[in-house]
Structures are given as structure tokens and as C-alpha cells.
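These notes concern the structure reproduced below.
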Amino acid sequence: MEDLQGVLSQRGLTVSTLPDKGRCLFSIRDFSPGEVILNEEPFVSVASRASVDSRCEWCFSTSNLKRCSACQVVLYCGSTCQKSDWKLHRLECGVLSKVDKDRLKSLTPSIRLMVKLYLRRKLQNEKIIPTTATDNYNLVEALVSRILIYVSLWGSLRDISEIDEKQLVLYAQMANLVNLILELPGIGIKEIAENFSKLACNAHTICDSELRPLGTGLYPVISIINHSCLPNAVLVFKGRLAVVRAVQHIPKGTEVSISYIETAGSTMTRQKALKEQYFFSCSCPRCAKLGQCDDIQESAILEGYRCKGAECSGFLIRDSGDKGFICQHCGLVRGKDEIKKIASEAKTIVQRLTSKFDALRLEHAPRSENCHPDALATLASKVEVSRVPTKIEILKRSVPCSVAEIFPEEEIEDWRTSISNELKSASAAITLSNLKHFTIYQGVLYYRGSGGLLARCIGEEEAKVKIQEVHERSCGTGDASLYR
């Protein structure tokens with residue numbers, strides 16, 4: 001941890017521990033909006049296994065893909081990416097080649113990510129892949145797992161709910177498959193299952209510039225950053241590289257925070273998502289306003305429905321028990337079925353409007369898949385660019401300009417000039433083998449061809465005329481000669 005603190009301090013950061021949050025990332029200097037706070041390459045990553053297209057294991061490209069001839073699982077777009085990933089894939093290729101075809105179908109990206117995690121640890125222990133303060137397995141061991149959260153919430157694994165028990169059984173099944181694939185001594189199913197629970201809380205979906213998922217990566221240092229529904233930073237990706245940028249001014253001594261979920265939701269919706277995925281309740285300044293006037297107004301704008309009462313201008317907001325919707329002004333209650341009917345009627349109206357347009361496309365993005373656009377929108381809205389205003393003066397031209405004025409023709413030197421000068425010079429720069437074919441007679445440059453026949457050297461413009469004459473002679477009538 002001391003080595004990590006030393007590297008982070010050079011970037012203006014430090015890791016602290018708070019009783020209610022655990023590890024946190026704090027700034028030890030000011031950061032400006034849009035400034036890069038931290039960037040990190042993944043400890044391990046895998047390409048997404050999409051049904052439509054496959055991707056290069058290293059750069060996530062979809063073009064010129066070739067499958068590994070040995071394991072027949074991993075794809076690369078070229079030799080450069082294959083060489084970059086070869087130290088790790090050399091081991092992975094060996095273990096995947098031994099897996100039977102039926103079991104290969106069960107290799108989800110999560111299972112492959114776990115296999116690569118242990119293989120990379122093995123290579124770092126053997127000094128084949130170097131370790132650094134920000135790239136070592138100790139950082140993975142320090143990550144919080146779901147299993148530990150279960151114990152902290154319920155006291156023991158015996159008291160967990162039926163849904164959570166099914167999740168733990170799934171971890172055990174996946175861990176057993178990874179153990180059979182690796183066949184490495186000293187690794188137990190319990191350890192692998194705990195690492196699967198760490199991936200569930202700490203792995204990141206790698207997206208391109210258009211926010212399409214490309215793969216999954218584990219970034220142990222960035223995973224230290226805690227969540228806030230009012231974040232001061234945002235996580236974006238440049239290929240494999242994860243980049244954390246400030247979305248507002250971050251003073252010295254402030255905790256750096258990002259959003260784990262989509263922030264464009266009511267407080268109850270956000271709290272529910274965080275509880276289900278990450279097992280904690282957010283206490284950020286935005287969530288602290290739960291039930292207050294500002295929070296009710298914001299929830300009404302984000303998720304509310306207009307009240308049924310003719311004289312009421314209030315909004316119907318989902319109640320805490322998730323049984324229906326309650327107007328915050330008049331107290332009118334409407335059930336879920338009634339709200340679904342209203343939503344269906346609104347959809348019908350939209351469909352009628354489509355006939356008024358030449359082309360119209362409507363898409364619904366689930367909240368769980370819309371966190372990255374929301375984060376980028378937050379970044380764009382909060383980045384302030386402080387520059388000196390530039391005065392631009394536009395002058396209207398009374399006479400239209402011509403192409404020749406915009407792109408004036410360059411004066412091209414006659415090709416005959418240099419040869420004539422060399423023939424007249426005492427010390428010729430052009431080799432004699434080139435000059436021997438030329439001679440000057442009565443001030444005119446000639447080229448001596450086979451049999452001693454002299455051909456007069458002509459310029460570019462005269463050559464165009466001669467070519468036209470030859471063309472007319474070949475295709476029509478006329479008499480032309482290149483030797484006159």
C-alpha cells in the first residue's frame with residue numbers, strides 16, 4: 001500500500017480509510033473541470049461475446065479477425081495485438097486447448113476473466129510479467145467481495161435470503177468450472193468463488209466512444225473510488241485504458257467520487273439499484289434530501305405522472321412501498337395497473353404521431369444500461385472552459401473570388417532549362433550518362449536518338465498541342481510529327 005500511496009501522491013491523490021465507507025480516494029491538490037485525475041490499464045480484460053459480432057481480445061476491434069489456431073476461442077485483429085497479449089494468452093491457450101467442446105460452450109466472459117486473473121497472478125509470481133505499485137495481485141486481494149458484504153449485513157451466511165443463496169450457489173458452480181480448467185495447485189473453490197463475488201462489485205464494462213459495450217475489465221485502483229449520486233468525476237474509456245476526469249472543481253482534501261449507476265432517476269430508484277447490486281445505501285448530499293421538497297420536485301420531473309385531478313397541478317410519484325403512485329399535492333393514490341394503462345395510451349399517441357414523419361425511431365434504454373450516457377452528459381454540462389474571448393470579424397466580399405485567387409498556380413520551371421545550363425557549364429552536376437543524349441544546335445536543345453536522329457526538345461504547352469495533333473492523326477485526318 002505504501003508503494004501505491006507514493007505513486008498516487010505524484011498524481012495529487014491519496015488513499016484514506018473511513019469507518020462508514022472503507023477505502024476512499026482523496027485529492028491532495030486542486031483539480032480543474034475536465035482534468036484527468038487517474039488512468040489505468042486493466043489487470044485483466046476480456047472481449048464481450050456478442051451474438052452479432054466478435055471482437056479482438058486486445059483492442060476490441062471487429063475487423064480482420066482471425067481465431068487462435070490452437071484454442072479456437074480467442075480472436076485477434078492482427079499480429080500486433082496477438083503479440084501484446086501473447087505472454088498471458090500462451091498460458092490461457094494451453095488450458096483452453098484441453099477443454100472439451102461441450103464445456104467450451106459454457107465459457108462465459110466472466111469465467112474467462114477469472115481464468116486470466118489466476119494465470120496473470122502466476123506469471124507475475126514467476127517474474128514473467130513485471131509487477132508495479134499499480135499493477136499487482138495484492139490490489140485485487142484488497143477489493144471488497146459480495147460474500148464479505150453478506151456476512152457484514154446478516155452476521156453469517158446462514159441468514160441470507162433465498163435470492164442471495166442462489167447467487168452464492170452460482171458462484172460455487174462457476175468456481176468449480178474454473179478450478180477444473182486451471183488445474184493449478186493451491187487454489188480452492190472457496191477462494192475462486194470469493195473472487196467471483198469481487199468481480200460482481202468491482203469489474204467495469206468497457207465501452208467505446210459511442211458507449212457500446214466492448215468487453216469487461218478489472219481496474220483495482222479505480223475500484224477504490226466510491227460512489228456518489230452527485231459525483232465530481234466521471235469514468236470513460238479510451239480503448240482498454242480507463243480514464244477518470246473531473247466534472248467540476250475538486251478542491252484539495254475532497255473525496256473523488258463517480259457514479260456506479262444512472263443518476264437520472266429518483267432517489268428511491270437509485271437507492272434500490274445500489275442496494276440490489278452493491279449492497280449499500282448512498283448518503284450523498286442528493287440522497288440526504290429524500291422526502292424533502294426539492295427531492296419530491298426532482299422525482300416528479302424524472303419519473304412522475306400528472307395528477308388525475310382537474311384542479312391539481314401536482315405529480316404522481318411512486319410510493320416507498322412500491323404499491324402505487326401518490327400525488328404529493330392532493331394525496332390522490334393511483335395503482336400500478338392504472339399507471340400502466342396511462343403509459344400504454346401515451347405510447348399509442350406517439351405511434352400515431354409517427355405517421356406525420358418520413359422516418360422516426362424510438363428506443364428504450366433500461367436504467368441499468370444508461371449510466372454511461374448519463375455520466376458523459378454530466379461531464380459535458382459541468383465542464384467549464386475559461387478562455388479569453390476571441391473576436392471574429394467577417395468581411396463580405398463584393399466581387400466573388402475565383403478558384404485561381406484561392407489556389408494560385410505555381411510557376412513550374414521548364415525541364416529543358418537545367419539540362420541546357422549543364423551543357424553550357426564547365427562542371428556538370430548531371431551525370432555524363434544523362435547528358436550524352438542531348439546537344440545544343442543554334443541555341444535549341446535536341447535529343448539524340450538511335451541512328452543519330454535529332455528530336456527537338458519541347459516544353460509542356462507545346463507537348464500538349466503535339467499530342468492533340470497526333471491524336472487527331474490517329475483517330476481522324478491530319479499530319480503531325482514529333483520530330484519537327
Side-chain angles (χ1 to χ4, degrees), residues 18-26 144 146 149-150 152-154 161 163-164 200-201 225-235 247-251 254-309 312-336 338-340 342-343 365-379 381-382:
L18 298 179
D20 56 336
K21 288 186 176 181
R23 294 189 305 166
C24 307
L25 192 67
F26 278 82
V144 177
R146 267 191 170 184
I149 297 175
Y150 288 149
S152 64
L153 288 176
W154 290 286
S161 64
I163 297 176
D164 299 323
C201 297
I225 303 176
N226 285 321
H227 163 84
S228 173
C229 297
L230 199 63
N232 54 22
V234 64
L235 174 63
V247 296
Q248 62 188 50
H249 175 68
I250 303 178
T254 304
E255 182 185 1
V256 178
S257 61
I258 60 175
S259 178
Y260 294 176
I261 59 172
E262 180 192 356
T263 57
S266 67
T267 302
M268 283 189 292
T269 300
R270 299 193 311 272
Q271 292 283 10
K272 182 181 178 183
L274 291 169
K275 199 74 174 179
E276 291 176 351
Q277 177 67 25
Y278 300 101
F279 300 96
F280 71 86
S281 296
C282 182
S283 58
C284 70
R286 190 178 173 193
C287 290
K289 296 180 180 180
L290 178 64
Q292 298 180 11
C293 182
D294 292 344
D295 178 66
I296 293 172
Q297 186 176 2
E298 182 185 72
S299 300
I301 295 173
L302 294 172
E303 298 179 356
Y305 292 87
R306 188 64 180 267
C307 183
K308 187 178 181 180
C312 182
S313 59
F315 286 88
L316 298 164
I317 303 176
R318 190 190 307 270
D319 70 343
S320 57
D322 201 21
K323 297 179 180 178
F325 291 76
I326 304 176
C327 178
Q328 301 303 309
H329 281 193
C330 66
L332 177 68
V333 180
R334 305 183 78 169
K336 283 186 176 182
E338 192 176 359
I339 295 298
K340 287 181 180 179
I342 295 174
R367 291 191 178 278
S368 60
E369 300 176 8
N370 204 38
C371 55
H372 293 290
D374 177 70
L376 286 182
T378 304
L379 174 63
S381 64
K382 293 190 175 182

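We use all heavy atoms of the structure for the numbers below, so side chains are in, but hydrogens, waters and symmetry mates are not.
- A donor-acceptor distance shorter than 3.5 angstrom exists from the side chain of Q271 to the backbone of C282, with no hydrogens or angles considered.
- Listed here is the closest heavy atom pair of R286 and G265: NH2-O, 3.6 Å.
- A donor-acceptor contact shorter than 3.5 Å links the side chain of N232 to the backbone of E255.
- Taking every heavy atom of both residues into account, Q277 and A200 meet most closely at NE2-O, 3.0 Å.
- Panel note: side chain D295, backbone S266; no donor-acceptor pair is recorded below 3.5 Å.
- With sequence neighbours left out, the salt bridge (charged side-chain N to carboxylate O under 4.0 Å, His left out) criterion links K289 to no other residue.
- In this structure the side chain of F26 reaches within 4.5 angstrom of the side chain of L18, judged on heavy atoms.
- Between H227 and Y260, the ring-plane angle classifies as tilted under the 30° and 60° cut-offs.
- Annotation for R270 and E298: closest pair NH1-OE1, 4.1 Å, computed over non-hydrogen atoms.
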Discussion item. Could you go through M268 and L290, starting from their C-alpha distance and side-chain angles, then the distance that decides it, and tell me whether this counts as side chain to side chain contact (heavy atoms under 4.5 Å, CB included)?
Written reply: CA-CA 8 Å; M268 283 189 292; L290 178 64; 4.2 Å; yes

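- Across all non-hydrogen atoms, the minimal contact from V247 to P231 is CG2-O, 3.5 Å.
- For T254 against P251, the heavy-atom pair with the smallest separation is OG1-O, 2.9 Å.
- The line from CG of L230 to CD of Q248 is 6.5 Å long, rounded to the nearest 0.5 Å.
- Atom SG of residue C287 and atom CG of residue L274 lie 7.0 Å apart, to the nearest 0.5 angstrom.
- Shortest non-hydrogen contact noted between S257 and I225 is CA-CG2, 3.8 Å.
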